[in-house]
Amino acid sequence: MRLSALLLLFACASSAATVNHRSLQSGGMAASQAAERRAVVAADAKTYRALWKQLIDPSGDPLDIDFAKESVVFLLAGQRPTGGYHVAVSSVAPEGADGVVVKAAVNPPPADSMNIQVITYPYEVIAISTPGVTKVRWADK
């Protein structure tokens with residue numbers, strides 16, 4: 001009985017340290033063509049729209065987000081030598097009072113795949129179930 005209570009307590013504590021996330025959009029050619037990877041967060045609609053136009057698509061509109069319930073994280077993988085690279089988010093966890101750490105990898109294309117031979121800038125945009133986030137840190141998966 002005590003062991004099952006401890007396991008339940010541990011499971012509850014572990015799930016509290018996880019932030020739910022969902023993909024909004026991913027792709028291989030971010031508008032921001034920075035050489036290095038980076039993560040940026042938006043906690044309000046105005047910042048979100050501005051970052052979307054600057055980093056992802058200058059002519060497109062982002063999906064609607066309820067910022068009373070969510071924040072948005074932009075993960076920009078930086079410059080890659082060919083197509084086929086993608087950002088894979090494995091988890092998001094709280095960090096400090098108003099931050100999150102996103103564990104994600106930039107996965108290369110499969111070894112036997114045919115890929116476009118052009119420099120690309122892969123990205124992933126995710127919504128996270130924590131409103132008001134102002135800091136984000138990208139950690140390797």
Side-chain angles (χ1 to χ4, degrees), residues 2-141:
R2 287 184 181 160
L3 179 60
S4 61
L6 284 173
L7 290 174
L8 179 61
L9 180 63
F10 179 73
C12 290
S14 296
S15 65
T18 301
V19 174
N20 291 328
H21 67 279
R22 62 187 174 94
S23 179
L24 297 176
Q25 184 167 322
S26 62
M29 193 60 76
S32 168
Q33 296 186 350
E36 302 298 319
R37 82 175 192 183
R38 69 181 180 144
V40 183
V41 66
D44 61 76
K46 182 179 178 184
T47 303
Y48 172 53
R49 280 191 208 79
L51 287 172
W52 186 274
K53 296 214 179 271
Q54 175 190 359
L55 302 174
I56 305 303
D57 183 1
S59 62
D61 290 321
L63 296 173
D64 289 333
I65 299 295
D66 182 354
F67 284 95
K69 297 178 181 176
E70 296 180 305
S71 297
V72 174
V73 175
F74 296 81
L75 299 164
L76 306 164
Q79 183 176 316
R80 302 297 159 169
T82 67
Y85 285 83
H86 66 279
V87 178
V89 177
S90 60
S91 67
V92 180
E95 184 171 68
D98 57 353
V100 293
V101 58
V102 178
K103 287 189 178 179
V106 180
N107 293 332
D112 60 347
S113 64
M114 294 182 72
N115 299 291
I116 188 167
Q117 298 299 302
V118 65
I119 293 173
T120 59
Y121 301 88
Y123 68 89
E124 177 82 26
V125 182
I126 61 171
I128 59 172
S129 63
T130 306
V133 172
T134 60
K135 299 173 194 161
V136 62
R137 181 172 61 88
W138 184 341
D140 290 325
K141 184 174 168 180

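D66 CG: more than 12 foreign heavy atoms inside a 6.0 Å radius. Within 6.0 Å of NZ in K103 there are 12 or fewer heavy atoms belonging to other residues, nucleotides or ligands. Under a cut-off of 6.0 angstrom, the local environment of NZ in K141 is crowded, with over 12 non-hydrogen atoms contributed by other residues, nucleotides or ligands.
For the pair Y123 and L55, the minimum side-chain heavy-atom distance is 4.5 Å or more. Looking only at side-chain heavy atoms (C-beta outward), Y121 and Y85 stay at 4.5 Å or farther from each other. Here the side chains of Y48 and L63 are in contact, with some heavy-atom distance below 4.5 Å. In this structure, R49 and P62 have side chains that are in contact, with non-hydrogen atoms separated by less than 4.5 Å. Inter-residue side-chain proximity for L76 and V87 is flagged as unmet; no heavy-atom pair is nearer than 4.5 Å. Between P122 and H86 the shortest side-chain heavy-atom distance does not fall below 4.5 Å. Under the 4.5 Å side-chain criterion, counting only non-hydrogen atoms from C-beta, S91 is not in contact with T18. The shortest side-chain heavy-atom distance between Q25 and W52 falls under the 4.5 Å cut-off.
Of the inter-residue distances, the one linking T120 atom OG1 with N115 atom CG reads 9.0 Å to the nearest 0.5 angstrom. Between the OG1 atom in T82 and the CE atom in M114 there is a gap of 12.0 Å [rounded to 0.5 Å]. In this structure, the separation between OG on S23 and CD on E124 is 3.5 Å, given to the nearest 0.5 Å.
P109 approaches G83 most closely through the heavy-atom pair CG-O, 3.6 Å. F67 and P131 get closest at one heavy-atom pair: O-CB, 3.5 Å. Heavy-atom minimum distance, H21 versus V89: NE2-CG1, 3.6 Å. Contact detail for K53 and D61: the closest heavy-atom pair is NZ-OD1, 3.4 Å. The minimum heavy-atom distance between A127 and E70, with the atom names listed, is CB-OE2, 3.6 Å. Nearest heavy-atom pair, G132 versus S71, reported as atom, atom and distance to 0.1 Å: N-OG, 3.3 Å.
Screening D98, I128, V92 against V133 for a side chain to side chain contact (heavy atoms under 4.5 Å, CB included) leaves a single residue, I128.
Proximity of a side-chain donor or acceptor of T47 to a complementary backbone N or O of D44 within less than 3.5 Å is not detected.
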